[in-house]
Amino acid sequence: QVQLVESGGGLVQAGGSLRLSCVASGRTFDNYAMGWFRQAPGKEREFVAARSWRGSVTYYADSVKGRFTISRDNSKSTEYLQMNSLTPEDTAVYYCAARGPATSYNTPAAYNYWGQGTQVTVSS
């Protein structure tokens, strides 16, 4: 069992930046691969970014590639999502999630644990 708590969301103008944090507690952080998803009103939850099972490879949705970066601090059991050059289309609730050694990194069903979400709103 692992618990995930996101923070760092807020209101930002287009072109601005935010850094989301996801703190994990419970089982050892290294036992899981982390991912980020987002869900805008009236839309399905969509993949944003993730790392591979051993953490050596990162994946990004085409819509955020070059603007978003995931990183991790193992000493703090924390995963980060740095978001730059934000646009109104990035407005959504952002979720971090943890999965076991599943190969499907971009499918919500592959993830066993989810945080409560943090709202990101980008104004034009």
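- Residues Arg99 and Ala50 share a closest heavy-atom pair of NH1-CB, 4.2 Å.
- For Tyr113 and Tyr32, the ring centers sit closer than 6.0 Å to each other.
- Looking only at side-chain heavy atoms (C-beta outward), Tyr60 and Ile70 come within less than 4.5 Å of each other.
- In terms of hydrophobic clustering, with Ile, Leu, Val, Met, Phe, Trp and Tyr side chains grouped at heavy-atom distances under 4.5 Å, Val57 and Tyr105 are assigned to a common cluster.
- Here the closest heavy-atom approach between residue Ser85 and residue Arg67 is recorded as O-NH1, 2.9 Å.
- For the pair Arg45 and Tyr95, the cation sits on the ring face: its NZ or CZ lies under 6.0 Å from the ring centre, inside 45° of the axis.
- Residues Phe47 and Val64 fall into different hydrophobic clusters, defined by Ile, Leu, Val, Met, Phe, Trp and Tyr side chains chained together at heavy-atom separations under 4.5 Å.
- Defined by atom type and a distance below 3.5 Å, a donor-acceptor pair is present between the side-chain atoms of Thr121 and Gln119.
- When atom types are taken as modelled, the side chain of Tyr111 and the backbone of Ala33 share no donor-acceptor pair closer than 3.5 angstrom.
- Relative to the ring axis of Tyr94, Arg38 does not place its NZ or CZ within 45° and under 6.0 Å from the centre.
- The two residues Val2 and Ala24 come nearest to each other via the heavy atoms CG2-CB, 4.0 Å.
- Across all their heavy atoms, Leu18 and Leu86 have their closest contact at N-CD1, 3.9 Å.
- Nearest heavy-atom pair, Ser104 versus Ala110, reported as atom, atom and distance to 0.1 Å: O-CB, 3.1 Å.
- The backbone N or O of Glu89 lies less than 3.5 Å from a partner atom in the side chain of Thr87, making a donor-acceptor pair.
- Rounding to the nearest 0.5 Å gives a distance of 12.0 Å between CE of Met34 and OG of Ser71.
- Taking CZ of Arg51 as the start and OH of Tyr59 as the end, the distance is 11.0 Å to the nearest 0.5 Å.
- Contact annotation: the side chain of Phe68 approaches that of Asp90 to within less than 4.5 Å [non-hydrogen atoms, C-beta and beyond].
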Residue pair Val120, Met83: steps toward the side-chain contact (heavy atoms from CB on, under 4.5 Å) verdict: CA-CA 10 Å; Val120 171; Met83 307 185 297; 3.8 Å; yes

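- For the atom pair Glu6 CD and Cys22 SG, the distance stands at 5.5 Å (nearest 0.5 Å).
- Summarising the geometry, atom CD belonging to Glu79 is positioned 11.5 Å from atom CG belonging to Leu20; distances are rounded to the nearest 0.5 Å.
- Taking SG of Cys96 as the reference point, atom CD of Gln116 lies at 7.5 Å (rounded to 0.5 Å).
- Hydrophobic clustering keeps Leu4 apart from Trp36 (ILVMFWY residues linked when any side-chain heavy atoms are closer than 4.5 Å, directly or through intermediates).
- In terms of heavy-atom proximity, Val48 sits nearest to Leu81 at CG1-CD2, 4.2 Å.
- Under the 3.5 Å distance criterion, the side-chain polar atoms of Thr91 are matched with a main-chain donor or acceptor of Val122.
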Residue pair Asn84, Ser17: steps toward the side-chain hydrogen bond (donor to acceptor under 3.5 Å, both in side chains) verdict: CA-CA 4 Å; Asn84 298 328; Ser17 298; 2.9 Å; yes

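- Remark: side-chain polar atoms of Thr78 are paired, donor with acceptor, to backbone N or O of Lys76 under 3.5 angstrom.
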